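Comments concern the structure below.
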Amino acid sequence: MLEPSKSTDSSGMDEFGYAQTLDRSIGKFASFAAGVSYISILTGVFQLFYFGFSMAGPAYAWSWPIVFVGQLMVALCFAELAGRYPVAGSVYNWAKRLASGTSAWLAGWLLLLSSIMALGSVALALQITLPQLWSGFQIVGDGTGPFDFAMNGVVLATIMITISTLINAFGVKLMTMINSIGVFVELVAAVLLILALGWHVVRGPEVFFDTAGFGEGHDLGFFGVFLIGAMASGYVMYGFDTASSLGEETKDPKRTAPKAILRAVTASFLLGGLILLFGILAAPDLTDPKIGAADGGLQHIVLSVLGGPFGKAFLVCIVVAVVVCTLAVHAAAIRMMFAMARDNNLPFSRQLSKVDPVRKTPTVAAIVIGVLAVIPLLVNVMQPAIFTILSSISIVLIYLSYLLVTVPMLRRRFLKKWPLRDEGHGEVGFSMGKWGLPVNILAVLWGGAMTLNLIWPRPEIYNSVPPFEWYFQWGGVLFVAAVTIGGTLLYRLKIRHQTGVLAEHAAAVAAHPSSGPVTPPQPEPQPVRAGGGVEDGFDPVDDDLEPQRVS
């Protein structure tokens with residue numbers, strides 16, 4: 001069906017208009033591990049299983065293969081782009097070559113914000129697991145107070161983000177080494193957990209075809225609650241673009257990144273799906289209220305089925321998965337901030353794009369991301385529903401940013417401007433061939449439908465606990481609208497007038513050969529587009545495309 005294109009190692013950053021400033025040391029497994037750890041089946045499946053189960057019961061598990069098929073369509077589009085542009089801040093840089101300046105900047109802006117929100121929400125997952133390992137991890141109160149759970153979660157998450165900041169600031173070699181070890185542990189633990197739960201199955205698969213009374217009284221019946229519960233699966237299978245976002249630090253990235261993207265999403269689907277399947281089939285009592293409670297969930301099933309020592313050993317592996325997932329989300333956010341800053345597309349760009357000369361990593365960006373990720377936690381510290389609120393908003397933003405890539409990509413397919421002619425554009429690492437158009441259409445339809453489903457102002461997600469106020473229920477819509485409109489105005493009124501590759505990050509010739517002669521960086525700004533040219537996606541009919549310059 002899909003044919004990888006012939007390729008050689010064409011990883012020179014001057015092809016994209018940038019100097020090589022980051023440490024290119026990531027191998028094939030580490031690249032795959034980056035995508036797997038961001039998706040992190042043991043983090044995502046265990047973090048929101050309780051929510052999906054409480055909404056739609058055992059049959060909510062059908063959302064898992066549905067989400068996989070939709071996200072696989074997106075991943076295939078991304079793999080095709082990664083085979084051409086394995087550059088830091090992948091979604092942002094891809095959008096630059098497919099769309100107008102405004103939508104490209106907005107894609108990066110939304111993904112940057114979503115990564116910051118996701119970093120906090122992923123770190124919060126420690127609260128769901130650590131206190132079940134040992135009561136001493138419940139630092140705030142005893143867990144029975146109305147805010148004990150949320151406040152303690154913020155404490156644990158803040159500690160985790162601090163550790164992640166230090167590791168990511170130290171350098172990509174340390175981060176990927178820890179990440180690769182953690183992913184290996186996670187994959188082994190997932191396989192062993194599947195086998196252990198499968199050995200203890202107590203019921204047949206007919207339970208997945210029984211709505212068990214869920215949806216009664218809802219306007220749309222079971223379908224209505226199923227759509228809500230699908231958020232639990234939608235929260236897991238994203239972030240696979242991380243493998244390409246680390247492309248500037250990956251060896252032979254045009255071949256490595258596409259494979260890593262597809263392998264990460266496929267492995268996560270298979271392992272996560274089997275954990276869901278056997279977890280539900282092995283649960284001693286599906287009517288146990290703890291299964292649908294934030295302090296129970298799938299962790300409660302594992303402890304109930306496997307007993308103390310073995311169950312807790314698997315919970316330790318879940319903690320390892322949360323740690324490496326936090327590292328991967330943090331790393332992806334850093335690369336997005338760095339990518340936008342070196343194009344002078346953020347406030348304080350010169351500081352945010354600084355690369356430590358010894359460690360060859362954006363240290364300032366690592367610290368700033370860590371500080372910003374704690375702010376949403378502090379704002380929501382007294383909100384018991386903090387998990388679902390932060391999770392849903394971060395997913396909405398990332399689905400929107402993905403649409404800002406897949407939609408213009410589809411438009412260019414219809415205009416016969418994608419895929420690009422290979423001549424003069426370097427080697428291509430992956431191509432969908434004739435399947436590109438139908439896959440791209442499905443990716444856009446899926447992204448639009450899922451975004452609408454996630455942002456819908458349902459009280460079950462955005463206002464599930466008192467006080468029941470309209471602005472809480474509409475909080476997701478209001479926040480997403482504010483950051484989208486505010487970001488657009490920021491770019492149109494200010495940022496676009498300063499856009500241009502900073503001199504310290506510009507290649508000696510700020511374009512690849514197909515773009516024609518370009519004036520090298522001079523003391524005075526010169527009009528260039530990094531990696532530009534009509535064939536790269538900068539269509540002169542886009543009226544908001546202004547010449548970038550080397551600053």
Side-chain angles (χ1 to χ4, degrees), residues 11 13 15-24 26 31 34-35 38 78 81-82 84-99 101-116 118-119 168 172 175 238-250 253-254 257 260-261 328-355 360-366 368-369 372 397-398 400-402 404-406 408-409 487 491 495 499-502 505-507 529-532 536-537 548:
S11 55
M13 289 306 298
E15 180 183 347
F16 310 114
Y18 300 116
Q20 179 70 51
T21 57
L22 303 180
D23 183 14
R24 192 176 291 281
I26 299 176
S31 177
Y38 196 122
F78 283 8
L81 286 161
R84 291 177 178 271
Y85 311 115
V87 189
S90 50
V91 167
Y92 159 71
N93 270 299
W94 295 339
K96 272 172 37 178
R97 288 159 173 82
L98 294 170
T102 301
S103 58
W105 187 87
L106 196 59
W109 168 252
L110 293 178
L111 190 55
L112 178 59
L113 292 179
S114 72
S115 297
I116 293 171
L119 179 56
N168 272 287
V172 72
M175 189 280 292
Y238 70 91
F240 36 80
D241 56 291
T242 305
S244 180
S245 202
L246 292 169
E248 290 183 33
E249 297 147 278
T250 303
K254 289 188 177 183
I261 288 172
V329 174
H330 200 153
I334 293 167
R335 273 66 191 174
M336 179 58 73
M337 179 172 279
F338 167 75
M340 296 183 73
R342 73 176 168 188
D343 282 353
N344 206 17
N345 263 340
L346 289 175
F348 309 107
S349 286
R350 200 168 295 277
Q351 290 74 28
L352 294 176
S353 65
K354 280 186 177 178
V355 175
K360 293 186 177 181
T361 195
T363 304
V364 176
V368 171
I369 292 291
L372 292 177
L397 292 177
I398 206 164
L400 282 174
S401 66
Y402 284 4
L404 287 170
V405 173
T406 55
M409 189 182 196
Y491 177 79
I495 298 293
T499 295
V501 182
L502 296 175
H505 295 287
R529 267 287 187 186
D536 265 336
Q548 289 188 323

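Because the structure is a prediction, the values reported are computed rather than measured. As a basis for the values below, the full set of heavy atoms in this structure was taken, side chains included, without hydrogen atoms, waters or symmetry mates.
Applying the side-chain hydrogen bond (donor to acceptor under 3.5 Å, both in side chains) test to Tyr402 and every residue at least two apart in sequence or in another chain returns Asp241. Trp109 is linked by a ring pair (Phe, Tyr, Trp, His ring centres under 6.0 Å) to Trp105, counting only residues two or more places apart in sequence or in another chain. Applying the side-chain contact (heavy atoms from CB on, under 4.5 Å) criterion to Pro408, with sequence neighbours excluded, gives Leu98, Ala99. With sequence neighbours left out, the side-chain contact (heavy atoms from CB on, under 4.5 Å) criterion links Ser115 to Tyr38, Leu111, Ala333. For Ser353, the side-chain hydrogen bond (donor to acceptor under 3.5 Å, both in side chains) partners at least two apart in sequence or on another chain are His505. Taking Ala82 as the reference, Trp94, Ser244, Ala257, Pro258, Ile261 meet the side-chain contact (heavy atoms from CB on, under 4.5 Å) condition, with sequence neighbours excluded.
Note that NZ of Lys96 is 12.5 Å distant from OG of Ser103, once rounded to the nearest 0.5 Å. A distance of 6.5 Å separates CE in Met337 from CG in Leu346, rounded to the nearest 0.5 Å. Rounding to the nearest 0.5 Å gives a distance of 10.0 Å between CG of Asn168 and CD1 of Ile369. Rounded to the nearest 0.5 angstrom, Leu110 CG and Leu400 CG are separated by 6.0 Å. One distance of note links CD1 of Ile398 with OG of Ser114; it measures 4.0 Å at 0.5 Å rounding. Rounding to the nearest 0.5 Å places OG1 of Thr102 at 12.0 Å from CD1 of Ile495.
Closest of all the heavy-atom pairs between Val91 and Ala107 is CG1-CB, 4.2 Å. Residues Leu246 and Thr250 approach most closely at O-OG1, 2.7 Å, considering heavy atoms. Annotation for Ala260 and Ser31: closest pair CB-OG, 3.5 Å, computed over non-hydrogen atoms.
Proximity of a side-chain donor or acceptor of Ser90 to a complementary backbone N or O of Pro86 within less than 3.5 Å is not detected. The main-chain N or O of Glu248 is found under 3.5 Å from a side-chain atom of Gln20 such that the two form a donor-acceptor pair. In terms of modelled atom types and a separation under 3.5 Å, the side chain of Arg342 and the main chain of Leu352 share no donor-acceptor contact. A donor-acceptor pair under 3.5 Å is absent between the side-chain atoms of Arg335 and the main chain of Gly89, judged by distance alone. A donor-acceptor pair under 3.5 Å is formed between the side chain of His330 and the backbone N or O of Ala366. Judged by distance alone, the side chain of Asn93 and the main-chain N or O of Ala88 form a donor-acceptor pair under 3.5 Å.
The side-chain heavy atoms of Lys254 and Glu15, taken from C-beta on, include a pair separated by under 4.5 Å. Within the 4.5 Å cutoff, the side chain of Leu22 has no heavy atoms near those of the Val172 side chain. Taking 4.5 Å as the limit, every side-chain heavy atom of Thr363 sits out of range of all side-chain heavy atoms of Lys354. Within the 4.5 Å cutoff, the side chain of Tyr491 has no heavy atoms near those of the Leu106 side chain. Here the side chains of Asn344 and Thr499 are not in contact, with every heavy-atom distance at 4.5 Å or above. Side chains of Thr361 and Met175 form no contact here, defined as non-hydrogen atoms less than 4.5 Å apart.
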Full working for side-chain contact (heavy atoms from CB on, under 4.5 Å) between Val368 and Phe348: CA-CA 11 Å; Val368 171; Phe348 309 107; over 6 Å; no
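Between Tyr85 and Phe16, the ring planes are perpendicular. Angles over 60° get that label, and only those under 30° would be called parallel.
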